[in-house]
A.B. asks: 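Here it is, the structure in full.
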Amino acid sequence: MKKIYLIISAYNEEDNIPLLIEDLKKNISSHELNIEYVFVNDGSRDRTLEVLLEQQKEFQEITIVNQNKNFGHEIAMTAGLNYVVSCNDNSDCKYAVIFMDADLQHPPKIAAEMIELWQSGKNLILTQRTDNDDKGMRYKILGNAYYWLLNFLSDVKIPKNMPDFRLLDKKYVLWINQLNESDRMFRGMLSLVGLKEAHIIPFVAPQRNAGKSKYNFWKLYKLAIDSMIQFSVKPLRLATVFGFLGILASIGFLAYSIYNSWVNNEPKTGFLTLLSIMIFLSSLTILFLGIIGEYIGRIHLEVKNRPLYFNEVIKNENR
Ligand code: UDP
Ligand code: MG
């Protein structure tokens, strides 16, 4: 029997869940498939868990992976994925996983399209936002700059405007599951595994239904730093390059000032020049210390090898 797992991460989405479930039922249940709705409640502070439990009484196919506290979206998706893998440990059942958000920005209609494509043999289905009704001009410009920098610095190519709305066949699920780094970024991990087989569905992301976006400036900043550092050591190499350039420049300056004082007899003090060069160089040193610190911090977290999350799985009593 073929099975589809929908992994839906939810953090404070009480108002969206009933609507999402209704919409999913409308669009997906017509497919003759075994479907399980895996809601990962990422430590919500509102009534998300209560709403999910109410819905579960009505719909047995809902499983709640209840995170003990808020661990973040990437970890929530990992928890969902681990649940799916653990369910299928000793079975050779064919299955696929669809990741989606709980705020209705990932239209269930497209999830239905993914399922059809999977049944016709596609193993990796990604989506690409052609537009995002939710975000303003500033976000779009910053977003473009971010992807440019990211792909410049990173060793794996990370495609632009691809949200976490995607279908992975079992094969990809097992591959991703082998990556056991504690710093998670699905976009990068997928690129690492390979996107050659990917089928892409373009779509316009509608506005979030209710509630607010959980990605504030600092979360985005962390995501940006994470994605630049996780898949490459280029930022470190950049420090060496700047170091070399600095040495060359200083030799040049030295030669120039010796020439000036010997040949032209011009003993200039150049206090401001010195000051600005000093400030520039020490800021550069601090910047690269910061970058090295980012890597060391990650090594520190990685060697501890702590569990990524704590959760319990809640199923309908009759299952
Ligand atoms: N989310 C989560 N944990 C978090 C932050 C977000 O599980 O710490 C979920 C959130 O409930 C939503 C999805 O991740 O279903 C995407 O978040 P959001 O809509 O805030 O991001 P945006 O669409 O604005 O990029
Ligand atoms: Mg959203």
Side-chain angles (χ1 to χ4, degrees), residues 5-24 37-52 55 62-84 97-108 110-111 126-144 146-147 150 158-166 182-187 203-224 226-227 308-311 313:
Y5 292 91
L6 290 162
I7 298 182
I8 305 160
S9 36
Y11 176 50
N12 297 344
E13 306 281 10
E14 56 180 2
D15 293 329
N16 292 322
I17 284 167
L19 218 75
L20 175 68
I21 293 177
E22 196 185 311
D23 214 0
L24 282 169
Y37 301 81
V38 182
F39 279 91
V40 183
N41 173 36
D42 192 17
S44 300
R45 290 163 198 272
D46 64 354
R47 293 188 64 254
T48 298
L49 180 62
E50 285 81 356
V51 171
L52 281 171
Q55 293 282 334
I62 294 180
T63 299
I64 306 167
V65 175
N66 193 33
Q67 302 280 84
N68 218 25
K69 65 181 201 47
N70 178 245
F71 291 96
H73 188 200
E74 300 282 337
I75 303 286
M77 287 191 285
T78 306
L81 200 72
N82 287 345
Y83 163 75
V84 171
V97 160
I98 297 178
F99 289 101
M100 57 195 298
D101 288 358
D103 58 1
L104 288 137
Q105 286 199 288
H106 296 167
I110 290 179
L126 309 178
T127 57
Q128 185 154 37
R129 272 191 305 249
T130 49
D131 202 358
N132 193 344
D133 289 344
D134 219 14
K135 310 284 183 194
M137 205 56 208
R138 199 180 48 158
Y139 179 91
K140 286 174 189 162
I141 293 172
L142 277 177
N144 280 335
Y146 163 72
Y147 277 106
L150 181 59
I158 295 170
K160 202 166 89 174
N161 286 336
M162 292 210 163
D164 293 303
F165 187 25
R166 56 176 81 95
S182 59
D183 227 355
R184 320 276 303 176
M185 202 195 49
F186 270 84
R187 252 163 267 201
F203 80 112
V204 176
Q207 290 206 354
R208 147 185 276 287
N209 176 55
K212 276 197 300 221
S213 169
K214 277 59 184 201
Y215 279 93
N216 57 25
F217 175 78
W218 287 111
K219 276 199 180 172
L220 282 175
Y221 176 79
K222 184 181 176 301
L223 192 69
D226 270 353
S227 36
L308 296 177
Y309 52 79
F310 299 96
N311 67 22
V313 174

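Both counts, for ligands and for their atoms, begin at 1 and track the order of listing.
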A.B. asks: Where the closest heavy atom to atom 3 (N) of ligand 1 is concerned, which of I8, D42, N16 has it?
C.D. replies: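 Nearest option to atom 3 (N) of ligand 1, by heavy atoms: D42.
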A.B. asks: What are the atoms of ligand 1, with element, lying closer than 4.0 Å to any heavy atom of A102?
C.D. replies: 15 (O)
A.B. asks: From N82 CG over to I75 CD1, what is the distance, rounded to the nearest 0.5 angstrom?
C.D. replies: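 That separation rounds to 10.0 Å.
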A.B. asks: Taking N, O or S atoms only and a limit of 2.8 Å, check whether Q105 reaches the Mg ion (ligand 2).
C.D. replies: yes
A.B. asks: Could you tell me whether the side chains of D103 and N16 share a donor-acceptor contact shorter than 3.5 Å?
C.D. replies: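 No, because no side-chain N or O of D103 sits under 3.5 Å from a partner of the opposite role on N16.
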A.B. asks: Once you restrict to heavy atoms under 4.0 Å, what part of K219 touches ligand 1? Side chain, backbone, both or neither.
C.D. replies: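 Side chain only; the backbone of K219 stays clear of ligand 1.
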A.B. asks: Just distances here: any N/O of K212 and N/O of ligand 1 closer than 3.5 Å?
C.D. replies: no
A.B. asks: Would Y37 and L20 count as a side-chain contact (heavy atoms from CB on, under 4.5 Å) if you check the C-alpha gap in whole Å, the side-chain angles of each, and the deciding distance to 0.1 Å?
C.D. replies: CA-CA 11 Å; Y37 301 81; L20 175 68; over 6 Å; no
A.B. asks: Could you see which bit of D164 sits under 4.0 Å from ligand 1, with heavy atoms only: side chain, backbone, both or neither?
C.D. replies: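 The answer is neither; D164 stays 4.0 Å or more away.
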A.B. asks: Determine whether the side chain, the backbone, both or neither of D101 has a heavy atom under 4.0 Å from any heavy atom of ligand 1.
C.D. replies: both
A.B. asks: Closer than 4.0 Å to some heavy atom of R208 - which atoms of ligand 1 meet that?
C.D. replies: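 Result: 18 (P), 19 (O), 20 (O).
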A.B. asks: Applying salt bridge (charged side-chain N to carboxylate O under 4.0 Å, His left out), can you list everything that pairs with D164, at least two apart in sequence or on another chain?
C.D. replies: R166, R187
A.B. asks: Specify which N/O/S atom of D103 comes nearest to the Mg ion (ligand 2), by atom name.
C.D. replies: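 Distance check against the Mg ion (ligand 2) picks out OD2 in D103.
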A.B. asks: Look at atom NZ of K222 and say whether more than 12 heavy atoms of other residues, nucleotides or ligands are closer to it than 6.0 Å.
C.D. replies: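 It does not: K222 NZ has 12 such atoms or fewer within range.
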A.B. asks: Please classify the H73 to ligand 1 contact at 4.0 Å (heavy-atom distances, strictly less than): side chain, backbone, both or neither.
C.D. replies: both
A.B. asks: Which of the atoms of ligand 1 are close to N70, meaning less than 4.0 Å from one of its heavy atoms?
C.D. replies: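 Close to N70: 3 (N), 4 (C), 8 (O).
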A.B. asks: Can you name the atoms of ligand 1, numbered from 1 with element, that are less than 4.0 Å from a heavy atom of E13?
C.D. replies: 10 (C), 11 (O), 12 (C), 15 (O)
A.B. asks: Nearest 0.5 Å please: distance from the OG1 atom of T78 over to the CG atom of L308.
C.D. replies: 6.5 Å
A.B. asks: Any side-chain heavy atom of V51 within less than 4.5 Å of one from P18?
C.D. replies: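 The answer is yes; the side chains approach within 4.5 Å.
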A.B. asks: Would a 4.5 Å heavy-atom cut-off, applied to side chains only, mark F186 and L81 as touching?
C.D. replies: yes
